[in-house]
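Written out below as structure tokens is the structure these notes cover.
Naming: A, B, ... by sequence-line order, numbering from 1 per chain.
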Amino acid sequence: MKDEARQQIYAAIHSVPMGRLCSYGKIAELAGQPGKARYVGRLLSQLPKDTRLPWFRIVNSQGKISFPHDSNSYQRQLSHLIEESSAEESGRLHWRQCRWPE
DNA sequence: ACTTTGACTTGAA
DNA sequence: TTTCAAGCCAAAG
């Protein structure tokens, strides 16, 4: 049961198109686990370094990266998004234009 | 076994 | 606009 929920979450993340963004809460919802945004975040924090999952397309409900601005993780995610044109050079995310679904 | 801690969200103040 | 409390719940201490 718990494994199934996890798989659903992974599937939901895989479904986020390149160049678009989605929130933790929305992923949880798409995975059939409404209200479990934190669970999504926990799973992402446990992903292996070589994962194929587009974890960098997941941001918080405010369209911001959920990492301290001074952390490596923040920079790592931002550069991934910039490569996909999901962000501006200023580091500001195009949440409105990239949010997904619609 | 109990408390704290998060890659979170939402609504009310 | 920012702040707060409550809901969430597995993992870490």
*Which atom names give the shortest non-hydrogen contact between Ala28(A) and Ala37(A), and what distance separates them?*
CB-N, 4.0 Å
Go through [options] for me and flag the one nearest to the [X] side chain.
| X | options | value |
| --- | --- | --- |
| Arg38(A) | dT9(B), dG6(B), dA7(B) | dG6(B) |
| Phe67(A) | dT9(B), dA7(B), dA11(C) | dA7(B) |
| Gln77(A) | dA10(C), dG7(C), dA7(B) | dA7(B) |
| Tyr39(A) | dA7(B), dC8(B), dA10(C) | dA10(C) |
| Arg42(A) | dC8(B), dA10(C), dA7(B) | dA10(C) |

Send over the distance from [X] [atom1] to [N] [atom2], rounded to a whole Å.
| X | N | atom1 | atom2 | result |
| --- | --- | --- | --- | --- |
| Asn60(A) | dT10(B) | CG | P | 10 Å |
| Ile65(A) | dG6(B) | CD1 | C1' | 18 Å |
| Gln33(A) | dT9(B) | CD | P | 16 Å |
| Leu43(A) | dC8(C) | CG | P | 18 Å |
| Ile9(A) | dC9(C) | CD1 | P | 11 Å |
| Trp55(A) | dC8(B) | CH2 | P | 14 Å |
| Ile13(A) | dA7(B) | CD1 | C1' | 11 Å |
| Glu29(A) | dC8(B) | CD | C1' | 14 Å |

*At under 4.0 Å, does any side-chain N or O of Ser61(A) touch on OP1 or OP2 of dC8(B)?*
no
_For dC9(C) and Lys36(A) - does any side-chain N or O of the residue sit under 4.0 Å from the phosphate oxygens OP1/OP2?_
yes
Is [X] touching bases, backbone alone, or none of the nucleic acid, heavy atoms closer than 4.0 Å?
| X | result |
| --- | --- |
| Ser45(A) | base |
| Ser23(A) | sugar-phosphate |
| Gln62(A) | nothing |

*Sticking with atom C1', work out how far dG6(B) lies from dG7(C), rounded to a whole angstrom.*
14 Å
*asked:* With rounding to the closest Å, how many angstrom separate the P atoms on dA5(C) and dT4(B)?
replied: 16 Å
*Toss me the dot-bracket line for DNA chain B: Watson-Crick and G-U wobble, both under 3.5 Å, 5' to 3', using | for pairs to another strand and [ ] for crossers.*
.|||||.||||||
*Is there a donor N/O on one and an acceptor N/O on the other, under 3.5 Å, for the side chain of Tyr24(A) and the base of dA7(B)?*
yes
*Considering only NZ, NE, NH1 and NH2 on the basic side and carboxylate oxygens on the acidic side, decide whether Glu84(A) and Arg20(A) come within less than 4.0 Å.*
no
*Does Arg57(A) use its side chain to pair, donor to acceptor, with the backbone of Ile13(A) at less than 3.5 Å?*
no
*Verify, without hydrogens or angle tests, whether Thr51(A) (side chain) and Leu47(A) (backbone) share a donor-acceptor contact under 3.5 angstrom.*
no
*Indicate the ring-plane relationship of His80(A) and Phe56(A), choosing parallel, tilted or perpendicular according to the 30° and 60° boundaries.*
parallel
*Phe67(A) versus Leu78(A): any side-chain heavy-atom pair under 4.5 Å?*
no
*Do Pro17(A) and Trp100(A) have side chains that get closer than 4.5 Å, going by heavy atoms?*
yes
*Identify the residue among Ile65(A), Asp70(A), Asn72(A) that makes a side chain to side chain contact (heavy atoms under 4.5 Å, CB included) with Pro68(A).*
Asp70(A)
